[in-house]
Amino acid sequence: MAIDYAEKIPNNVNLANDKTLQRALEHWQPSFLNWWQEMGPSDFQASDVYLRTAVSVDADGWAQYGAVKMPDYRWGIFLADQVPDRKIGFGDAMGQPVWQQVPGEYRSILRRLIVTQGDTEPASVEQQRMLGHTCPSLYDLRNLFQINVEEGRHLWAMVYLLHAYFGRDGREEAEELLARHSGDADKPRILSTFNEPITDWLSLYCFTYFTDRDGKYQLKSLAESGFDPLSRTCRFMLTEEAHHMFVGETGLGRVIKRTLEVMKELGTDDPAAIRRAGAVDLPLLQKYINFWCSSSLDLFGNEISSNSASNFANGLKGRPDESSYTDHVLRDSTMKLRTPEGEKDVPMLNALNEVMRESYLKDCEIGMRRWNRAIERAGHEFRLTLPNIRFRRSIGAWTGLPVDPKGNLMPKEEYERRKEEWVPSDADRAFVKSLMQKVTTPGKMAGWIAPPERGINNLAVDYEYVHLN
Ligand SMILES: [Fe+2]
Ligand SMILES: [Fe+2]
């Protein structure tokens with residue numbers, strides 16, 4: 001179904017046919033716009049930003065580009081097209097038709113899944129709200145705002161489900177999604193990673209590489225859901241999410257490229273010299289990777305989880321790319337899990353968070369391999385690595401245990417003493433902060449990052465992607 005932009009709320013769910021729902025969402029809309037003004041990007045609301053807007057939900061050609069002031073962005077409700085005769089693809093109800101309404105017995109758990117996902121979307125906008133003031137280029141500024149408006153749309157996507165399928169409870173949850181705020185002492189966001197402030201662009205690139213990739217995995221597993229409206233919503237969100245990870249992957253790649261240039265110019269790999277030249281030394285980047293990767297690993301939850309078991313068995317949440325597996329019921333398989341007490345055999349159903357976490361780490365490896373090839377080609381021995389799955393965990397069996405980035409348990413004192421070798425120290429953060437100087441001349445880049453290979457939508461890199469008004 002085509003997207004209707006004539007409506008107050010653009011949508012492809014035939015909102016005009018359901019006046020009660022339409023009125024309820026039109027009532028929520030001003031609250032959303034207020035939230036955007038107060039908690040969205042600080043300043044820049046009057047700037048013209050070269051943004052893409054969805055015009056259809058097809059895999060190709062869904063984006064239309066043009067200069068838009070962010071508050072005028074057409075946030076709407078877009079679901080991927082319904083797959084005819086879709087069947088539940090996993091769990092005990094495998095093969096039965098998917099649900100078009102929420103089954104009564106799964107109502108509260110589905111609401112919880114949607115609220116938890118929905119909460120991350122505005123949270124990330126809040127975390128990133130000050131970054132515009134230190135953008136390394138107009139190209140990057142535009143990418144930041146593209147991500148921000150799309151996370152705003154992802155909030156719309158979840159709020160639509162809450163309003164359309166969960167009655168009064170859903171409407172109350174939709175209000176709460178605007179009432180919690182990232183880092184707020186009284187009403188924080190639900191998941192801790194989304195309460196970490198993002199005050200520098202190195203963190204933004206790590207966040208979009210690691211944390212948005214967690215988002216990809218969560219959306220992929222919800223896209224398998226037997227609750228069809230949720231599946232269709234997540235399938236379309238995934239097309240937008242791809243750009244967020246692109247920003248992370250190319251952003252980190254450009255930082256590394258610039259660092260290698262500086263190393264070549266100076267003829268040294270001495271971190272202090274590289275810092276004096278205004279670039280990010282590779283050991284420092286490694287610490288940022290350790291920090292954001294470990295923080296994102298927590299988002300998958302406990303290694304052993306009865307919730308994940310029942311969500312899977314009941315057909316609510318599958319594994320990413322469920323069809324690529326052979327066993328979709330998992331009643332007879334087990335997984336070996338390493339815990340601080342030794343190896344354990346755990347029913348596979350209870351270990352699904354760990355299954356997801358492992359496939360997520362494999363996905364994270366892809367960029368690392370590419371960057372390491374660049375480092376190797378430049379003639380350096382240094383290699384970037386992902387931290388071990390047990391490092392710096394605050395959820396699950398390894399919570400709070402002194403484990404180094406290679407995964408080895410060590411005495412607590414040694415861990416505390418060496419921690420600043422592994423995650424950014426205050427001095428590291430202060431140095432990164434000192435690099436963050438705003439660059440807004442079209443085509444110019446801050447000194448710590450290389451220009452991108454190409455611009456957005458075939459435009460030149462020096463196109464004026466944001467016109468500051
Ligand atoms: Fe999102
Ligand atoms: Fe995202």
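Counting convention: from 1, in listed order, for ligands and their atoms alike. Bear in mind the structure is a predicted one, so any value in this text is a computation, not a measurement. Along the sequence shown, residues are numbered consecutively beginning with 1.
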Should the pair [X] and [Y] be classed as cation-pi, given the thresholds of under 6.0 Å to the six-membered ring centre and 45° from the axis?
X    : Y    : result
R429 : Y288 : yes
R392 : F291 : yes
R213 : Y209 : yes

Within less than 2.8 Å of the Fe ion (ligand 2), how many protein N/O/S atoms are there? 4

Verdict with reasoning, R254 to D140, per salt bridge (charged side-chain N to carboxylate O under 4.0 Å, His left out): CA-CA 11 Å; R254 289 162 56 209; D140 289 282; 2.9 Å; yes

Is it true that, when you exclude E453 itself, more than 12 heavy atoms of the residues, nucleotides or ligands shown sit nearer than 6.0 Å to its CD? no

Are Q29 and W156 packed together at the side-chain level, in the sense that at least one heavy-atom pair is separated by less than 4.5 angstrom?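 Yes, close enough: below the 4.5 Å cut-off.
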
